[in-house]
Amino acid sequence: MSTNESRPVRTREHGNTLVITIDRPRARNAVNAAVAHDLAEAVRRLDEQPELRVGVLTGAGDVFSAGMDLKAAANGESATVEGGGFAGITEAEPAKPLVAAVEGFAMGGGFELALACDVVVAGSGAQFALPEVRRGLIAGGGGAVRLPKRIPYHLAMELLLTGETITARRAAELGVVNHTVEDGSAESEALELAARISANAPLAVAAAKRVARTSARQSEQQAFTTQRDELRALLASEDFAEGARAFAEHRSPRWSAR
């Protein structure tokens, strides 16, 4: 296990999982320029290190993230990273899965960080909102783009147009949250889920994510073409051959990501 302590974003390795923690609890883990660049770097590390297979994104203390640091923004800081969007993540589309572990508030850009992840685990007391319209803005870090694709249009528009807050339970009912757990348990549940993902073939996990993400922007015919290309590559991989051998030999597979 490795850690780094001096930055506004801490990372540590937990097996094959990279835990990424926004560490500004006094600022409710709001995103300023330093946080955005550190998050972008953490995602690059996740994708570039072959031994890392899943990322868990969380916040220090009892808050996930209050979103953009408005004080920093008023001083001219940008929380956007070229190629990564807001917080260095919302437009980055990392190749490997990201699991959000949400405790407390996920407001504005904090909610958008969760929406940028592939799976969301939340403490039962967590709350979510996109309140930008109350400040004369829109949810420009992916909220206005992603939320109508994740939940029914009319329900998404109610949240986007009113800026009102919903509970973790309501978010789970809508399908925005995968699992709700006891407060304080979101990270441990996310790590357990990450371990289950990591047990699978890395190439197949990455391909499944690519197909799911790209198909949302394609026609059905184009999506099947993309899927056939991914399947062709997987069928020729060493991992597929290993998976078949392991099944026949009644043992756990030893993945090589090749």
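Since we're looking at a predicted model, the values are computed, not measured. Note that these values count all heavy atoms, side chains included, but never hydrogens, waters or copies made by symmetry.
- In this structure, OG on Ser256 lies 7.5 Å from CG on Leu203, to the nearest 0.5 angstrom.
- Enclosure of atom CZ in Arg24 by more than 12 non-hydrogen atoms of other residues, nucleotides or ligands within 6.0 angstrom is indicated.
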Kindly indicate, with the supporting measurements, whether the criterion side-chain contact (heavy atoms from CB on, under 4.5 Å) is fulfilled by Phe111 and Val102.
-> CA-CA 9 Å; Phe111 193 0; Val102 179; over 6 Å; no
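- For the pair Arg53/Val205, no side-chain contact is recorded, criterion being any heavy-atom separation below 4.5 Å from C-beta on.
- The neighbour count for Arg169 CZ, taken as heavy atoms of other residues, nucleotides or ligands under 6.0 Å away, does not exceed 12.
- Once rounded to the nearest 0.5 Å, the distance linking OH of Tyr153 with CG of Leu147 reads 11.5 Å.
- Under the side-chain contact (heavy atoms from CB on, under 4.5 Å) rule, Ile22 has a single partner from Val63, Thr58, Leu113, which is Leu113.
- For the pair Leu115 and Val176, the minimum side-chain heavy-atom distance is below 4.5 Å.
- Ile89 and Val145 fall into different hydrophobic clusters, where Ile, Leu, Val, Met, Phe, Trp and Tyr are joined by side-chain heavy atoms under 4.5 Å apart, directly or via other members.
- Residue Phe105 is not grouped with residue Leu130 when hydrophobic side chains (ILVMFWY) are merged at heavy-atom distances under 4.5 angstrom, including chains of intermediate members.
- Heavy-atom contacts from other residues, nucleotides or ligands closer than 6.0 Å to CD of Glu82 number 12 or fewer.
- Under the 4.5 Å side-chain heavy-atom criterion for Ile, Leu, Val, Met, Phe, Trp and Tyr, Val19 and Leu46 are members of distinct hydrophobic clusters.
- Contact check for Asp239 versus Pro202: side-chain heavy atoms found under the 4.5 Å cut-off.
- With respect to Glu93 and Arg217, a salt bridge is recorded, a charged nitrogen being found less than 4.0 Å from a carboxylate O.
- Checking Arg228 against Thr225 by side-chain atom types alone, a donor-acceptor pair falls below 3.5 Å.
- At distances below 3.5 Å, at least one donor-acceptor pair connects side-chain atoms of Trp255 with backbone N or O atoms of Ala199.
- At a threshold of 4.5 Å between non-hydrogen side-chain atoms, the residues Phe240 and Leu235 count as touching.
- Between Asn29 and Ser65 the shortest heavy-atom distance is O-OG, 2.9 Å.
- Minimum interatomic distance between Asp38 and Pro8 (heavy atoms only, all atoms of both residues): OD2-CD, 3.3 Å.
- Leu161 CG to Ile138 CD1: the interatomic distance, rounded to the nearest 0.5 Å, is 11.0 Å.
- A donor-acceptor contact shorter than 3.5 Å links the side chain of Arg134 to the backbone of Thr162.
- Within the 4.5 Å cutoff, the side chain of Glu13 has heavy atoms near those of the Gln49 side chain.
- Cluster annotation: Leu191 is connected to Val119 through the hydrophobic network of ILVMFWY side chains, with a link wherever side-chain heavy atoms come within less than 4.5 Å.
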What's the verdict on salt bridge (Lys or Arg N to Asp or Glu O under 4.0 Å) for Arg170 and Glu158, showing C-alpha distance, side-chain angles and the deciding distance?
-> CA-CA 13 Å; Arg170 179 57 173 159; Glu158 181 178 347; over 6 Å; no
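- When atom types are taken as modelled, the side chain of Lys96 and the backbone of Leu52 share a donor-acceptor pair closer than 3.5 angstrom.
- When all heavy atoms of Ala194 and Thr17 are compared, the pair lying nearest together is CB-OG1, 3.4 Å.
- For Phe86, the CZ atom counts as densely surrounded, since its 6.0 Å shell holds more than 12 non-hydrogen atoms of other residues, nucleotides or ligands.
- To the nearest 0.5 Å, atoms CD (Glu103) and OG (Ser124) are separated by 8.0 Å.
- No more than 12 heavy atoms of other residues, nucleotides or ligands shown are found within 6.0 angstrom of CD on Glu182.
- Across all non-hydrogen atoms, the minimal contact from Val121 to Ala186 is CG1-O, 3.7 Å.
- Within 6.0 Å of CG in Asp62 there are 12 or fewer heavy atoms belonging to other residues, nucleotides or ligands.
- Counting heavy atoms from C-beta outward, Arg150 and Leu174 have side chains that stay 4.5 Å or more apart.
- Here the NE2-OG distance, from His37 to Ser78, works out to 7.0 Å after rounding to the nearest 0.5 Å.
- The backbone N or O of Ala195 lies less than 3.5 Å from no partner atom in the side chain of Ser198, so there is not a single donor-acceptor pair.
- Taken to the nearest 0.5 Å, the OG1 atom of Thr167 stands 7.5 Å off from the CD atom of Gln127.
- Minimum heavy-atom separation, Ala87 to Leu39: O-CB, 3.2 Å.
- Counting only residues at least two apart or in different chains, salt bridge (charged side-chain N to carboxylate O under 4.0 Å, His left out) contacts with residues 243-258 comprise Glu238-Arg258, Glu242-Arg245, Glu242-Arg251, Glu249-Arg251.
- Under the 4.5 Å side-chain criterion, counting only non-hydrogen atoms from C-beta, Glu77 is not in contact with Asp69.
- The backbone N or O of Ala72 sits nowhere less than 3.5 Å from a side-chain atom of Asn32 that would complete a donor-acceptor pair.
- Looking at every heavy atom in both residues, Val120 comes nearest to Ala114 through CG2-O, 3.6 Å.
- Clustering ILVMFWY residues whenever any of their side-chain heavy atoms sit less than 4.5 angstrom apart, transitively, puts Val56 in a cluster other than the one holding Val35.
- A salt bridge is absent between Glu41 and Arg45; no separation between the charged side-chain nitrogens and carboxylate oxygens falls under 4.0 Å.
- Under the 4.5 Å side-chain criterion, counting only non-hydrogen atoms from C-beta, Ile197 is not in contact with Asp118.
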Should Val9 and Ile20 be marked as a side-chain contact (heavy atoms from CB on, under 4.5 Å) after you check the CA-CA gap, both sets of side-chain angles, and the distance that decides it?
-> CA-CA 7 Å; Val9 173; Ile20 305 167; 3.7 Å; yes
Start with the C-alpha gap between Met107 and Glu132, add the side-chain angles, then the distance that decides, and say whether side-chain contact (heavy atoms from CB on, under 4.5 Å) holds.
-> CA-CA 9 Å; Met107 296 295 174; Glu132 285 82 355; over 6 Å; no
